[in-house]
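In what follows, a single structure is set out as structure tokens and then discussed.
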Amino acid sequence: MDNEISTQPHGMADVEIQEWLESLDSVLESSGPEVAAEILERLRAHATVNGIDLPFSANTPYANTIPVRLQPLFPGDQELERRIKSLIRWNALAMVVRANRVEHNIGGHISTYASAATLYEVGFNHFFRARSEEFEGDTVYFQGHASPGMYARAFLEGRLSAQKLENFRRELKPGGGLSSYPHPWLMPDFWEFPTVSMGLSPLMAIYQARFNRYLEDRGMKRATDAKVWAFLGDGETDEPESLGAITLASREKLDNLIFVINCNLQRLDGPVRGNGQIIQELESAFRGARWNVIKVLWGSEWDPIFERDTEGLLVKRMGELVDGEYQKLVVSSGAYVREQFFGTDPRLLQLVEPMSDESLRRLRLGGHDPRKVYAAYKAAVEHKGSPTVILARTIKGYGLGEAGEGKNITHQQKKLNEDELREFRSRFGIPLNDEDCIEVPFYRPAEDSVEIQYLRARREALGGYVPKRSIRSKPLVADHDDLFKEFLEGSDGREVSTTMAFVGMLRKMLKDAEIGKLVVPIVPDEARTFGMESLFRTVGIYSSVGQKYEPVDVNTLLYYKEAKDGQILEEGITEAGSMASFIAAGSAYATHGINTIPFFIYYSMFGFQRIADFIWAAADMRTRGFLLGGTSGRTTLSGEGLQHQDGNSQVLALPVPNIKAYDPAFAYEIAVIIQDGIRRMYKDGENVFYYITVMNEPYAMPAMPGDVKDGILRGMYRFRPAANAKAKLRAQLFGSGAILNEVLRAQEILETKYGVAADVWSVTSYKELYNDGIESERWNRLHPGEKARVPYVTKCLADAPGVLVAASDYLKTLPNMISKWMPRRLASLGTDGFGRSEGRASLREFFEVDSRFITLATLHELFVDGKIERSSLDKAIQDLGIHADKPNPVIS
Ligand SMILES: Cc1ncc(C[n+]2csc(CCOP(=O)(O)OP(=O)(O)O)c2C)c(N)n1
Ligand SMILES: [Mg+2]
């Protein structure tokens, strides 16, 4: 053992190593770190050339990145800041404990904030700049489970009343309460970013920082040194989204982005990496991705020990322990630390010989030391050329003592017994006596106390309070009638798809005087699929470095043009990243006071199905804009098969309360929906956004049949009435999207072959019809004495005779969910089941949604009603060429 330490492998004596180290030290001193780094780099190259195989390691030793000699002076009043932080700790704990006393299991988290308090307080007192008229402000993504700490601070700041704190997690109490986590939907004046679904906020933060640059490069906002800060849990980094876009951040040189990862080494159930070191793992991932990595592992108390350690034994020892051991060590007695940590080597023991057990116990971790955290933040905000991640070591449940400090149960600790409360009170010096403290009252010192004065002064110096959400954009003014008029007139027999029609509108919008600049087209490597490549040339693809190469297709009309002021966000194959851009652009009306209007067009199957949680977050954030599900329709997208053919997304859009989902069939329907959407979102400021499915089947676009705008927007209108309204056999047929054409063909077959006169309705939105239906029901239930409201669908069909048949390219549940407000039984056709890589006609036959099946369904309904004979039905089945024993598409 001794031997191993005093001489290195291959017999190199310590003294030799010492000489090398000393010469490096002298270079450092005389010429500075850049020259030292250059020498090391040259040495490495030299070694490689000479056949020395140096294993790749992106890791640095298990030590602070910023050495003491480069540590700046702490500019604040450390003692006062500690007292303020203690008060916030207390009030955060009080919120959770009180809430759970009133109602068992209401929940809340103490230990996340307890571990991160210093990380936040240094930010609040010295870094986070508020948004103001003059300055856009920093953008901060707070870790969701730390929200009690944010509320407790806002309480001290005088922004939230004790009453509000009392109603933590009880928004429905009189006077309102505070939402469990950051939800702009629930607290629109306070929270900006929903972060609690883990993994979303790191990705959103990266694209937010990138979008800020996009706005600057396009001349839409002034370039500033505003930062995007994202606070994450170390456990959270296991979500694939968390690290999924870190190379984008470095590629784009986003030095306006700072991640702070609170490395308490624990998640909910236990250690993040009991058998490894999460900090080293993250360091290598981020360094490998070329981020600036700053480790804040050890507090100032360790500095003199490091100084005494001239042989590097301490750092070596620190690198040996796995996180499971550290978790125990940091909450153990000084004697235990001495024995277990330093006891492995007499020379290590010697280092701490002069220290008492008590001072060993008090050795703090870096993330609990404001001086170390300040140094890291300062280095991060001053760093140029790449994003920074700060890996800060902390203890989960810091200060909870026996109640949970560092314990595996700590994440869910919500109750403290009397002794534990007194202990916490004493540890943080809260001026409450033994009796009062067990009531866990909220505590705010007097307005003129030094604490409140200091806290207010700090925030004033930083421009105001954070977090705070406000709408800073001015509403649009134009009505854009001219812009959309041409699309109401039909395509003159020319066959176009609704996707092409939409792209035509987009092209026109991009040229519009008021909204042209505001439009943000977003595509995940699918522009050609949607026929958008002409936009490459006209508005350019955004690239922060312009185009450093001559594109291979430069001689063609539609070449791949990248430009610094390019308008298209061509995100590559990342629906999640594109959605994060959509969110940044769609919330810029609040974040930046700019009404950017995102149009994110993607393969519809990879939207709601793949990134629904981002869409949910967008909804929570009151994001505005248009999602376009392209190549949609289970049978309309031919050839692509099971994974691509989307018959689901219109159903998956149902749960998102503020998304308007439309399945339009014709260009004029899309024009009406988009024009009205821009009005609602950007003129009237409504907190809705849009999902529109568009298809790739070409057909002639009709002109709008009269003024049916209201019907289009409300979800249905009669598109083509029956030719002979007086016929004996009557039907009402409902079609949507591309399937409307099948319905129109069925209308003809029914009329010419079977003497059935059918009206055809275009159902543009089952979701709108459903919401209207449930709202009418609810109103009637709550107002029994008043005139009953009639659902829109009921009104439409009040005088509509005959049997009812609906067909769409989505699940049958869509028409079924509104059938109860129809005057009679409804037969629904839809595309439940797995798709096939087949042609359109075969797919529509397989899923039983083509004109023949619509005809059959209508005749069958007439038969059930006793209007036609069984023999006629049998004959029709034969004439239509339908095989009764064909496979069942739902399960085959
Ligand atoms: C997507 C998602 N999955 C699971 C959870 C439930 N959850 C909440 S906190 C937590 C543990 C958090 O650990 P970490 O990220 O290390 O944060 P810490 O509280 O330790 O700072 C889990 C699993 C969640 N909020 N989001
Ligand atoms: Mg953790």
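Source: prediction; values computed, not measured. Whatever order the structure lists ligands and atoms in, that order sets their numbers, starting from 1. All residue numbers in this chain count up from 1 along the given sequence.
Proximity of the aromatic rings of Phe424 and Phe428 is defined here by a centroid distance below 6.0 angstrom, and this criterion is met. The ring of Phe614 has its center no closer than 6.0 angstrom to the ring center of Tyr207. The distance between the ring centers of Tyr374 and Phe127 falls below 6.0 angstrom. Taking the six-membered ring wherever Trp is involved, the centroid distance between the rings of Trp229 and Tyr120 does not fall below 6.0 Å.
Atom OD1 is the N/O/S atom of Asp234 found closest to the Mg ion (ligand 2).
Residue contact annotation: Asn264 places an N/O/S atom under 2.8 Å from the Mg ion (ligand 2). Gln266 lies close to the Mg ion (ligand 2), since one of its N, O or S atoms is found at a distance under 2.8 Å.
Annotation for Gln78: atom CD counts as buried by contact number, over 12 foreign heavy atoms lying within 6.0 Å. No more than 12 heavy atoms of other residues, nucleotides or ligands sit less than 6.0 Å from atom CZ of Arg290.
No donor-acceptor pair under 3.5 Å is formed between the side chain of Glu239 and the backbone N or O of Glu236.
Protein residues with a heavy atom closer than 4.0 Å to ligand 1 are Thr112, Gln143, His145, Val196, Ser197, Met198, Gly233, Asp234, Gly235, Glu236, Glu239, Asn262, Asn264, Gln266, Arg267, Leu268, Lys396, His411, listed by chain and number.
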